[in-house]
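I have placed the structure first, in the form of structure tokens, so that the comments after it can refer back to it.
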Amino acid sequence: MPRIQIDNYTVDYDEAGCGMPVIFIPGITEYKEAFVFQFGGLQNSYRIISYDLRRGLKRATDYTLDLLVDDLRKLLDALDLDSAVICGHSFGGLVAMKFAAKYPERTKALILVSAFHSAPSKSMESFLNTISSIENPLRTSVITRFRVYLDRMLGRRTTGALFREHQVESIIEVANQAMKTSRITINQRLKIIKETDLRASLPQIVSPTLVIAGSKDNEFFLSSAQSLYERIPDASLEVIEEVGHFSFLTRHDQFNSTVDEFLAQRIVAIS
């Protein structure tokens with residue numbers, strides 16, 4: 001497993017392929033392995049990189065969105081990358097958007113997957129808080145834990161349909177990975193979500209931006225996708241039908257084609 005030491009933080013990352021670098025940032029309880037199908041489907045055309053976000057710190061006040069954005073900048077420095085395509089899923093989208101607004105010269109393009117610019121309304125607060133009460137992995141099976149996780153995360157019983165989608169094993173593995181995320185880390189990331197509102201920063205994003213949403217995702221993420229599309233100056237919106245929050249896994253072929261087409265049209269063609 002490749003690692004890079006950044007100050008007092010060790011970054012675990014994966015990379016494959018060559019060409020224009022595309023960096024994938026995982027969601028609130030995800031890890032670099034979540035993007036397995038992007039490695040398999042895009043590495044022939046791009047240099048694919050994914051990494052694990054910094055875990056929670058002893059002092060919650062030290063764990064900020066600015067810190068995570070700075071980690072990403074230092075990762076680019078360590079990999080000797082002047083710029084890259086930045087892709088963030090869900091919570092990772094916050095890191096991606098703030099990075100793109102702060103470092104436009106280092107953001108070739110921005111891809112936001114089931115992302116949001118600010119916390120849900122007060123009525124949706126429990127929607128996020130439930131993620132921090134995932135069951136003990138020793139008490140239930142992986143599949144049961146995954147159903148519980150998705151029911152809580154999506155706020156509705158859609159897991160039956162999701163289990164009929166492609167690549168169930170890979171989604172289960174993402175859920176299994178999620179179970180190892182400490183409550184401290186989850187709670188500190190939830191704190192970032194609650195304290196973050198990037199709406200004022202979105203007009204500062206000048207990079208070509210692709211917003212991807214799943215038609216069966218929670219209404220909060222669907223409305224957030226529309227809002228991102230309307231607020232980011234050079235944005236396009238792609239809704240992948242019959243898929244929920246994990247389009248990059250459950251409809252990976254279509255997701256990869258969407259990303260490839262966007263980059264070919266907006267970046268590669270004008271390079």
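Position 1 is the first residue of the sequence, and the numbers go up from there.
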Tell me whether the count of non-hydrogen atoms from other residues, nucleotides or ligands lying under 6.0 Å of CG in D82 goes above 12. no
Side-chain heavy atoms of F246 within contact of S114, under 4.5 Å: no
Taking C-beta and beyond as the side chain, do F248 and F37 meet within less than 4.5 Å on heavy atoms? no
Joint hydrophobic cluster, L76 plus I6, side-chain heavy atoms closer than 4.5 Å: yes
Indicate yes or no for a side-chain donor-acceptor contact from S215 to the backbone of E242 under 3.5 Å, with no hydrogens or angles considered. yes
Do T181 and Y31 have side-chain N/O donor and acceptor atoms under 3.5 Å apart? yes
Taken in chain and number order and not counting sequence neighbours, the residues that satisfy side-chain contact (heavy atoms from CB on, under 4.5 Å) with D197 are S118, R199
Below 4.5 Å, heavy atoms only, C-beta onward: do L67 and L57 meet side chain to side chain? yes
Would a distance-only check, ignoring hydrogens and angles, find a side-chain to backbone donor-acceptor pair under 3.5 Å from Q5 to D7? yes
Note, L65 side chain near V95 side chain (heavy atom, < 4.5 Å): yes
Do L228 and M97 have side chains that approach each other closer than 4.5 Å (heavy atoms only, starting at C-beta)? yes
With sequence neighbours left out, what residues match K191 under salt bridge (Lys or Arg N to Asp or Glu O under 4.0 Å)? E195
Do the ring planes of F116 and F220 sit parallel (below 30°), tilted (30 to 60°) or perpendicular (above 60°)? tilted
Look at the side-chain heavy atoms of Ile, Leu, Val, Met, Phe, Trp and Tyr, link any pair under 4.5 Å apart, and say whether I184 and I193 land in one connected group. no
P2 versus D14: any side-chain heavy-atom pair under 4.5 Å? yes
Is the shortest side-chain heavy-atom distance between F24 and L42 below 4.5 Å? yes
Are V206 and L198 linked, directly or through intermediate hydrophobic residues, by side-chain heavy-atom contacts shorter than 4.5 Å (ILVMFWY only)? no
Test side-chain contact (heavy atoms from CB on, under 4.5 Å) on L249 and F255 and set out the steps. CA-CA 8 Å; L249 280 173; F255 176 91; over 6 Å; no
Under the salt bridge (Lys or Arg N to Asp or Glu O under 4.0 Å) rule, collect the residues that match up with D253, sequence neighbours excluded. none
Short N-O contact, R106 and D77, less than 4.0 angstrom: yes
Within the 3.5 Å criterion, strictly below it, is a donor on R251 or S247 matched to an acceptor on the partner's side chain? no
Residue that, paired with F91, satisfies side-chain contact (heavy atoms from CB on, under 4.5 Å) out of T196, I25, L68, T29: L68
Closest heavy-atom contact between L222 and G214? CD2-O, 3.1 Å
Qualifying residue, where the test is side-chain hydrogen bond (donor to acceptor under 3.5 Å, both in side chains) with Y63 and the options are R55, R54, K58, R189: R189
Taking side chain as C-beta onward, heavy atoms only, is H245 less than 4.5 Å from N218? no
Please check if the number of heavy atoms outside Y229 that lie under 6.0 Å from its OH is greater than 12. no
Is the CG atom of L237 crowded by more than 12 outside heavy atoms at less than 6.0 Å? yes
Should we say atom CZ of R73 is surrounded by more than 12 heavy atoms from elsewhere, each under 6.0 Å from it? yes
Does I267 belong to the same Ile/Leu/Val/Met/Phe/Trp/Tyr cluster as V259, with side-chain heavy atoms less than 4.5 Å apart forming each link? yes
